[in-house]
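Below is one structure, written out as C-alpha cells; comments come after it.
Worth saying up front: this structure is predicted, and the values here are computed from it rather than measured.
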Amino acid sequence: QVQLVESGGGLVQAGGSLRLSCAASGRTSSTYAMSWFRQAPGKEREFVAAFRWSGSNPYYGEPVKGRFTISRDNAKNTVYLQMNSLKPEDTAVYYCATRSAAYGSSRPSDYDYWGQGTQVTVSS
C-alpha cells in the first residue's frame with residue numbers, strides 16, 4: 001500500500017501563487033511516477049502535471065502551461081506543484097497520484113493510488 005498526503009491548498013486572490021506538496025509513504029519508490037490532477041465541482045478529473053520519466057521531462061495540461069511547475073524531491077518522496085498567476089478557473093480540489101511505473105500519464109485510470117485532495121480556491 002502507498003499513502004499520499006497533500007498539503008498547501010487554500011484561498012488566494014487571482015494573480016496570486018500557491019505551492020502544493022504531496023508526500024508519499026509506504027511501499028513506494030523514488031522511481032514511481034507522481035503526478036497532479038484536479039477536479040472542479042460538476043466536472044471530470046483533469047490532468048495538471050506529470051513527469052514523462054522518473055522526475056524528468058515534465059509536461060502539463062494546456063490550461064496550466066506556463067503558470068504551473070511540477071518538481072520532485074526523491075530523497076523525501078515528495079512532489080510539489082508551484083502555481084503562479086492563479087485564475088478563478090483554477091479553483092478545484094487538487095489530487096496527487098502515483099503508479100507503479102516510471103512513466104507518467106495524463107490518464108487518471110492509469111494511477112494506482114490517490115491522495116485525499118487539497119482544496120484550492122481562487123477569488124476574482
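Note: L20 CG to Q82 CD = 9.0 Å, rounded to the nearest 0.5 Å. L4 CG to S25 OG: the interatomic distance, rounded to the nearest 0.5 Å, is 7.5 Å. Note that the CZ atom of R38 and the CE atom of M83 stand 9.0 Å from one another [nearest 0.5 Å]. Rounded to the nearest 0.5 Å, atoms CZ (R72) and OH (Y80) are 11.5 Å apart. The distance from atom CD of E6 to atom CD of Q119, rounded to the nearest 0.5 Å, is 12.0 Å. Interatomic distance, CD of Q13 versus OG of S123, reported as 5.0 Å (0.5 Å rounding).
Between P108 and S106 the shortest heavy-atom distance is CD-O, 3.6 Å. Taking all atoms of both residues into account, the shortest heavy-atom contact from S29 to N77 is C-OD1, 4.2 Å. Of all heavy-atom pairs between C22 and M34, the closest is O-CE, 3.8 Å. Of all heavy-atom pairs spanning S124 and P88, the tightest one is CB-CG, 3.8 Å. Across all non-hydrogen atoms, the minimal contact from T91 to V122 is OG1-N, 2.9 Å. Nearest heavy atom pair, residue A33 against residue A102, reads CB-O, 4.0 Å.
Judged by distance alone, the side chain of S85 and the main-chain N or O of G15 form no donor-acceptor pair under 3.5 Å. Under a 3.5 Å cut-off, the side chain of R27 and the backbone N or O of Q1 do not form any donor-acceptor pair. T78 places no side-chain N or O within 3.5 Å of a backbone atom of A23 that could act as its donor or acceptor partner.
In this structure, a donor-acceptor pair under 3.5 Å is absent between the side chains of Y111 and S105. Remark: the S17 side chain and the N84 side chain contain an N/O donor-acceptor pair separated by less than 3.5 Å.
Cluster membership check: V48 shares its hydrophobic cluster with I70, using side-chain heavy-atom separations under 4.5 Å among Ile, Leu, Val, Met, Phe, Trp and Tyr. Hydrophobic clustering (side-chain heavy atoms under 4.5 Å, transitive across Ile, Leu, Val, Met, Phe, Trp, Tyr) groups V64 together with V12. In the hydrophobic clustering of ILVMFWY residues, with side-chain heavy atoms under 4.5 Å counting as a link, Y32 and Y113 come out apart.
Aromatic ring centres of Y94 and W36 lie farther apart than the 6.0 Å criterion allows. Checked against the 6.0 Å centroid criterion, the rings of F37 and W114 qualify as a close aromatic pair.
Annotation: side chain of F51 is in contact with side chain of V79 (closest heavy-atom distance under 4.5 Å). With a 4.5 Å cut-off on side-chain heavy atoms, L18 and L86 count as touching.
With respect to the salt-bridge test (charged N to carboxylate O, under 4.0 angstrom), the residues D90 and K87 do not qualify.
The ring-ring contact (aromatic ring centres under 6.0 Å, His included) with Y59 is formed by just one residue from the set F68, Y103, F47; it is F47.
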